Q: 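Can you read through this structure? Questions will come right after.
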Amino acid sequence: MRTTQFFAALGAMVTVGCAGAVRNPEVTPTDLAALEARQAGHPGDADVLTDVGVAFYQAKSYARARDVLLAALALRPDGFRAQAHLGLSYEGLGRFDEALAVYRRAQGMKASGAERRSVELRLVGLTRERLAAEARRAVAEERTLAATPPVPNSVAVLPWTYLGTDPQLRPLERGLAHLVVTDLSRVSRLTLLERERVQALTDELALSGSARVETGTAARSGRMLGAADVVQGAIRETPDGGLRLDANVVSAATAEVRASSTASDRLAQLFTMEKSLVFDLLERMGIPLTPAERRALGERPTADLQAFLAFSGGLEAEDRGDFGAATRLFQEAAVRDPSFRAARDRAARSAHAGQATGMTPARLSLLVGARAGASGTRSAQLAAALQTIAPTLAGRVNRLQSRPTGVRSRLAEALRQDDPSRLTAVGKPTVTIPRP
């Protein structure tokens, strides 16, 4: 009896109350033994192995979950539910690269649009989490990384440091770093580290603006990032009301300044100053440019300075995790300059990242956890889908899972307490529910 009750609890996966709380059932060694026995008794049944793998995942036995789910996928390679939980299991094991690869494969499998969307959002969220985890690991393993040869011709660009007093110009710290990364990435001889990865390490080290302009800080950051060179820059106000940009290329191995450049002018000439710096740094580094590279480096993302300031503010908001503000600022930049492609792309990306913050591993497991066609699982899926749409109904659906014959009449009663018009977002499950 206990084993039957345990599998019933794991089939429901979570208890969903009106307040939206999520909790896993308690799992004992006896329960784990029952899972192992069930696995041994059905070695060739992909559905049973998937059920067991999901149960092991819910029990936080991630290595066992991984092994069972791999066996299920060997029998049925297109098993979306097994694939999604394999990704979750790799997450539980802290193996983020494997998890990301598994989620990407899951996106190409047959599943409902909502399920694929759930995996897509988790993929976005995990990508950011992986960068933070890599930064923590880099700090913990700094001594080892310092002895590891960097990738040849690799370059990391630190956020610039604004040393002026106008808060409206501070977002240029991110904006100028973005421009330099974009420009240097057009040089075929160089390998640029993504701006977000560099920002994650900067956040982990809690580097202040003054620290970012020290050559020792640049070299240390480069070693932890595996970069051969690091570009650091400072933005200063000039007595005549203009700006001065100072940039250095620092060797991560020796902390020596390989190249430096300065440009000063009015704020309106910001893009011209940035281009001058990049060309000068490349020349001082002894990197020849092809005619095609020179043309590409001459391109500007926008001619509208105010659009670029809004874009820079969006990068700043994105880095602090405020995706709502970031999306608004990117959209503002795109409205000011419809040809500002990077702003349009970032607006969509930031909106996506904001949605991904709610797609936790527990929620993904809930949304893809029920086996299609299994007894009672349609109610569990419906309850999960309704969780943020009609809380009263969601709670009642969850409680009604053991009484499927009474679902329709009780759902109709619950609908009167929620807004029926909002239920259209649920999709197909609602078409079988008669309106009260």
Side-chain angles (χ1 to χ4, degrees), residues 91 94-97 99-100 124-163 170-185 190-235 247-258 281 312 314-323 326 346 349-350 353 356-357:
E91 277 201 65
R95 296 172 60 172
F96 298 135
D97 288 341
L100 289 169
V124 173
L126 181 59
T127 300
R128 292 183 61 86
E129 292 174 20
R130 183 192 65 169
L131 292 175
E134 286 180 352
R136 290 191 296 271
R137 185 167 61 249
V139 174
E141 300 175 0
E142 180 175 359
R143 183 171 299 179
T144 301
L145 292 173
T148 303
V151 176
N153 298 319
S154 55
V155 179
V157 179
L158 291 179
W160 282 52
T161 299
Y162 175 62
L163 299 175
R170 188 166 300 280
L172 289 177
E173 294 181 333
R174 265 70 169 188
L176 278 169
H178 169 82
L179 288 180
V180 173
V181 169
T182 301
D183 284 345
L184 293 181
S185 66
L190 300 178
T191 299
L192 269 294
L193 276 68
E194 57 185 319
R195 192 193 71 86
E196 289 79 6
R197 183 181 172 197
V198 177
Q199 185 62 49
L201 180 66
T202 301
D203 292 340
E204 183 64 24
L205 294 174
L207 295 179
S208 64
S210 58
R212 292 199 298 270
V213 297
E214 297 175 0
T215 57
T217 298
R220 180 191 178 202
S221 299
R223 289 191 294 270
M224 285 190 280
L225 290 165
D229 294 305
V230 178
V231 177
Q232 57 180 183
I235 310 164
N248 292 327
V249 178
V250 180
S251 167
T254 65
E256 295 179 353
V257 177
R258 292 190 58 204
L281 288 174
S312 301
L315 293 175
E316 186 179 61
E318 198 173 62
D319 287 343
R320 67 172 181 267
D322 189 347
F323 298 109
R346 281 278 180 172
R349 175 177 167 179
S350 194
T357 58

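This structure is a prediction, so every number in the text was calculated from the model and none was measured. In this chain, residues are counted from 1 in sequence order.
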Q: Name the one of Leu158, Val230, Val231, Val181 that satisfies side-chain contact (heavy atoms from CB on, under 4.5 Å) with Val198?
A: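 Of Leu158, Val230, Val231, Val181, side-chain contact (heavy atoms from CB on, under 4.5 Å) with Val198 is met by Leu158 alone.
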
Q: Would a distance-only check, ignoring hydrogens and angles, find a side-chain to backbone donor-acceptor pair under 3.5 Å from Gln199 to Pro159?
A: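 Pair absent, no side-chain N/O of Gln199 close to backbone of Pro159.
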
Q: Between Ser154 (side chain) and Ala228 (backbone), is there a donor-acceptor pair under 3.5 Å?
A: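 Looks like yes, one N/O pair under 3.5 Å.
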
Q: What residue among Glu129, Arg128, Glu134 forms side-chain contact (heavy atoms from CB on, under 4.5 Å) with Leu131?
A: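 Exactly one option meets the side-chain contact (heavy atoms from CB on, under 4.5 Å) with Leu131, and it is Glu134.
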
Q: How many angstroms lie between OG1 in Thr215 and CG in Asn248, if you round to the nearest 0.5 Å?
A: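 Taking OG1 in Thr215 and CG in Asn248, the distance rounds to 8.0 Å.
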
Q: Please name the pair of heavy atoms, one in Leu201 and one in Ser221, separated by the smallest distance, quoted to 0.1 Å.
A: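 Closest approach of Leu201 to Ser221, heavy atoms only: CD2-O, 3.6 Å.
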
Q: Under the side-chain contact (heavy atoms from CB on, under 4.5 Å) test against Val180, which residue among Leu192, Leu281, Val157 passes?
A: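 Result: among Leu192, Leu281, Val157, Val157 is the only option passing the side-chain contact (heavy atoms from CB on, under 4.5 Å) with Val180.
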
Q: At their closest point, which heavy atom of Ala326 faces which heavy atom of Gly314, and how far apart are they?
A: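 Heavy-atom minimum between the residues: CB-O, 3.4 Å.
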
Q: Flag the pair Glu214 / Thr161 as yes when at least one side-chain heavy-atom distance between them is below 4.5 Å, and no otherwise.
A: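 Side-chain contact under 4.5 Å: no.
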
Q: How long is the span from the CG atom in Leu179 to the CH2 atom in Trp160, to the nearest 0.5 Å?
A: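 Leu179 atom CG to Trp160 atom CH2 measures 9.5 Å (nearest 0.5 Å).
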
Q: Would you mind checking if Arg174 and Glu318 are paired as a salt bridge, meaning a charged N to carboxylate O distance below 4.0 Å?
A: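 Between Arg174 and Glu318 there is no salt bridge, as every charged N stays at least 4.0 Å from the carboxylate O atoms.
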
Q: Which residue in the set His178, Glu173, Glu196 passes side-chain contact (heavy atoms from CB on, under 4.5 Å) when paired with Leu315?
A: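 So the option named by the test is His178.
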
Q: Quick one: does any side-chain atom of Arg223 pair with a main-chain N or O of Ala252 as donor and acceptor, under 3.5 Å?
A: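 Flag set: sc Arg223 to bb Ala252 pair under 3.5 Å.
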
Q: Nearest 0.5 Å, what's the CZ-CG distance between Phe96 and Leu126?
A: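 Going from the CZ atom of Phe96 to the CG atom of Leu126 covers 6.0 Å.
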
Q: Give me the atom names and distance for the closest heavy-atom approach of Ala135 to Ala200.
A: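 Minimum heavy-atom separation between Ala135 and Ala200: CB-O, 3.6 Å.
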
Q: Answer yes or no: does atom CZ of Arg320 have more than 12 heavy-atom neighbours from other residues, nucleotides or ligands under 6.0 Å?
A: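 Counting other residues, nucleotides and ligands, CZ of Arg320 exceeds 12 neighbours.
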
Q: Once rounded to the nearest 0.5 Å, what's the spacing between atom CG of Leu145 and atom CZ of Arg137?
A: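 It comes to 9.0 Å.
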
Q: State whether Glu142 and Arg220 are salt-bridged, where the test is any N-O pair (Lys NZ or Arg NE/NH1/NH2 against Asp/Glu carboxylate O) under 4.0 Å.
A: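 Yes, charged N to carboxylate O under 4.0 Å.
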
Q: Quick one: CZ on Arg130 to CG on Leu100, what's the gap to the nearest 0.5 Å?
A: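 So the CZ of Arg130 and the CG of Leu100 are separated by 5.5 Å.
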
Q: Would you name the heavy atoms of Glu316 and Pro171 that are closest together and state the gap between them?
A: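 The pair with the smallest heavy-atom distance is OE1-CG, 3.7 Å.
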
